[in-house]
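Chain letters run A, B, ... following the sequence lines, proteins first, then strands; residues in each count from 1.
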Amino acid sequence: MPPGFDARGGSTFFSVFSHAQAKLVAMANIRVRFAPSPTGYLHVGGARTALYNWLFARRHGGVFVLRIEDTDLDRSKPELVTAILEGLEWLGLHWDEGPIHQSERLDRYRDLAARLERSGHAYPCFCAPEELQAKRARAEAERRAWKYDGTCRNLSQAEQARRRAEGRPAALRFRVPESGETAFDDEVFGRVVLQNSQIEDFVLLRSDGNPTYHLGVVSDDLDLRITHVIRGADHLSNTPKQVLMYRALAAPPPVFAHLPLILGPDRQRLSKRHGATAVGAYREQGVLPEALRNFLALLGWTPPAGADKPDGKEVLTIEEMIATFDLQAVSKSNAVFDLEKLAWMNSVYLRALPRNRLLALAEAELASAGLWREAWADPPAAGPSAGQAQAGSEREAFASTVMLLQSRARTLKDFSGSFRAFFSDQFDYDAEAVKKFWKEPALPGLLRELAARLERVEPFTAQKCEKKLREFAEEKKLKAGVLINAARVALTGQAVAPSLFDVMAVLGRTPTVARLSRAANFLDKT
RNA sequence: GGCGCUAUCGUCUAGGGGUUAGGACGUCAGAUUCUCAAUCUGAAAACCCGGGUUCGAUUCCCGGUAGCGCUACCA
């Protein structure tokens with residue numbers, strides 16, 4: 001580390017350091033952080049921010065720090081911290097340090113605030129919040145721009161002391177220069193410049209002694225030696241305030257990279273109104289973490305096209321993402337969260353899932369829907385015995401059912417939803433399916449006869465079943481399709497399912513025959 | 001209202017002073033077929049508007065418009 005790099009050293013060396021040079025130094029020892037506030041669940045926007053931070057750290061061999069910004073005591077809920085951590089773990093975004101709770105670091109913030117006050121960069125403000133609110137409301141009513149008016153900015157030492165002696169509560173405000181401008185070079189947005197006259201003397205320390213966001217972030221980013229601040233673009237306009245603080249502390253600011261926001265289909269900022277925004281909700285809906293992660297990665301970032309990754313390849317392994325992630329390739333414009341594309345991506349990942357993992361996930365889904373049967377469980381690896389051989393065959397039947405269904409699943413929910421008939425005898429006949437495929441008047445008799453013939457098929461395989469059914473159709477001078485489609489509805493209750501004969505094989509003889517008869521009985525009654 | 005940022009198919013985006021403006025999702029059509037999905041083939045679909053610079057702007061500059069963000073003793 002070159003001299004003068006200790007952020008807390010207060011060296012002025014950095015004031016002459018160019019942005020490019022600072023960047024170079026920062027690259028040598030990358031430290032990034034994700035700093036959610038536990039006032040809500042892990043939002044997909046937050047998850048993407050975390051992902052980009054994580055990718056950046058992994059790409060550059062850096063450290064990914066997790067920090068919980070819980071300085072708003074009223075709104076922060078400890079149980080939400082757990083939910084956020086779980087969300088991150090689920091997505092595979094493991095942090096190297098933390099979680100660090102800001103609520104446990106109040107001394108650090110007060111120290112920094114005191115330092116700022118001593119150096120004249122901050123001053124106590126005795127204005128009552130209600131008073132300020134009234135002024136603001138008035139200004140708004142008169143359609144004037146409002147900014148803190150500096151009432152307490154130039155109080156004499158004696159006056160400050162007098163008011164303190166009176167026990168009047170004071171907030172600490174940052175003294176923003178009256179003129180000039182503040183600029184920084186954002187990795188995504190480029191140079192951003194703001195007139196200091198536009199920035200108000202913002203609060204650093206509340207009158208109850210707790211820090212505000214700005215104090216907390218700068219203090220912690222300094223303490224944690226954060227080199228790159230990668231966060232949502234909603235912080236872009238706040239950044240000059242923080243840059244001003246770094247300047248007042250004679251400390252080098254980190255490199256900033258702001259990420260465009262994620263919007264709902266109506267182009268409004270994504271919120272509950274648009275449906276699920278919490279990562280956990282997607283998990284519950286049967287989305288795979290790697291699918292959500294891949295989808296989120298592409299929401300604002302385009303991987304480079306190369307020989308190994310021809311234009312159009314959007315399904316990326318985590319390794320490919322790490323190898324190619326680049327802040328320069330992050331888009332500047334906000335992106336609409338496209339549920340359809342997520343669903344597609346999820347089906348791609350679902351189809352590529354290795355057998356064991358798929359079976360485990362299907363089991364979990366069925367269990368939570370109350371459809372799981374212990375007989376399907378993975379038999380213990382111990383030596384074979386009569387009982388286990390039996391269990392093993394049940395297991396095999398379960399496994400082949402799941403594998404048969406794999407290619408048509410959109411989410412894990414399908415296993416307990418549209419695939420229900422494969423795991424339970426309790427299912428209804430879909431009205432549309434009945435209308436479409438149960439038109440043939442002679443159907444009850446046909447289904448019964450078919451059932452009778454299938455009873456004699458040996459062995460009960462897809463091929464044998466198909467042969468039997470086609471022979472039967474020919475005898476009856478029926479198109480095989482009529483029988484096939486009718487039987488599909490009988491076996492699954494649906495018009496949509498895998499190849500009928502595969503369905504028969506997977507169900508087994510007894511359920512197949514029973515369901516055909518049951519359908520015949522049902523038809524008799526209607 | 002003030003300030004900031006952004007602007008390519010419906011959506012995510014590539015591209016860049018001269019291109020048939022490329023890809024992905026979705027949509028539509030066809031192939032396949034026992035339904036659906038998958039797969040394959042094909043199609044429709046975009047440079048916000050106005051000025052300027054230029055031989056030539058979708059690309060560069062300015063303005064407008066729209067969208068989003070910030071404008072708290074929230075983060």
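For A:Trp344, the side-chain atoms get nearest to B:rA24 when compared with the rest of B:rA7, B:rA24, B:rU71. Taking only side-chain atoms of A:Asp72, from C-beta outward, the nucleotide of B:rU35, B:rA75, B:rG4 with the closest atom is B:rA75. Set against B:rG69, B:rA37, B:rG2, the side chain of A:Leu261 has B:rG69 as its closest nucleotide. Of the listed nucleotides (B:rC34, B:rC73, B:rU39), B:rC73 has the atom at the smallest distance from the side chain of A:Thr212. Between B:rC70, B:rU6, B:rG26, one nucleotide has an atom nearer to the side chain of A:Arg410 than all others, and that is B:rG26. The side chain of A:Arg269 lies closest to B:rC70 when the candidates are B:rC70, B:rU35, B:rU11. Listed nucleotides B:rC34, B:rA72, B:rC3 differ in distance to A:Arg488; the shortest reach to its side chain belongs to B:rC34. In the set B:rA75, B:rC73, B:rC25, the nucleotide with an atom closest to the side chain of A:Pro129 is B:rC73.
Across all strands shown, B:rC55 forms a Watson-Crick or G-U wobble pair with B:rG18, both key distances being under 3.5 Å. Within the shown strands, nothing qualifies as a pairing partner of B:rC73 under the Watson-Crick or G-U definition with both distances less than 3.5 Å. Under the Watson-Crick or G-U wobble criterion, with both distances below 3.5 Å, B:rA24 is paired with B:rU11. Across all strands shown, B:rU35 forms no Watson-Crick or G-U wobble pair with both distances under 3.5 Å. In this structure, B:rG30 and B:rC40 make a Watson-Crick or G-U wobble pair, each of the two defining distances being under 3.5 angstrom. With a 3.5 Å ceiling on both atom-pair distances, the Watson-Crick or G-U wobble partner of B:rA66 is B:rU6. Nucleotide B:rC47 forms no Watson-Crick or G-U wobble pair with any nucleotide shown, as no partner meets the under 3.5 Å limit on both distances.
A donor-acceptor pair under 3.5 Å is absent between the side-chain atoms of A:Arg175 and the main chain of A:Glu117, judged by distance alone.
In this structure, A:Tyr282 has its ring center closer than 6.0 angstrom to the ring center of A:Phe337. Taking the six-membered ring for Trp, A:Tyr213 and A:His235 have ring centres closer than 6.0 Å. Side-chain rings of A:Trp95 and A:Phe34 stay apart, their centers remaining 6.0 Å or farther from each other.
Between the side chain of A:Ser237 and the base of B:rC3, no donor-acceptor pair of N or O atoms lies under 3.5 Å. At a cut-off of 3.5 angstrom, the base of B:rG23 holds at least one donor-acceptor pair with the side chain of A:Glu314. Put simply, the side chain of A:Asn238 and the base of B:rA75 share a donor and an acceptor less than 3.5 Å apart.
Among the atoms of the strands shown, none is found under 4.0 Å from any heavy atom of A:Thr39. Residue contacts shown for A:Arg75 include a base, since a base heavy atom lies under 4.0 Å away. When heavy atoms are screened at a 4.0 angstrom cut-off, A:Cys127 is found touching base atoms of the nucleic acid.
Following rounding to the nearest Å, A:Glu440 (CD) and B:rC34 (C1') show an atom-to-atom distance of 16 Å. For A:Lys332 and B:rG67, the NZ to P distance is 22 Å, given to the nearest whole Å. Distance, A:Leu236 CG to B:rC68 P: 17 Å, rounded to whole Å. If you take CG of A:Leu215 and P of B:rC73, they are 14 Å apart, rounded to a whole angstrom.
A:Phe256 is listed as a side-chain neighbour of A:Arg231, based on a closest heavy-atom distance under 4.5 Å.
Positionally, the nearest nucleotide of RNA chain B for A:Asp338 lies more toward the 5' end than for the other of A:Asp338 and A:Lys341.
Expressed to the nearest 0.5 Å, how far CG of A:Leu259 lies from CG of A:Asn53 amounts to 8.0 Å.
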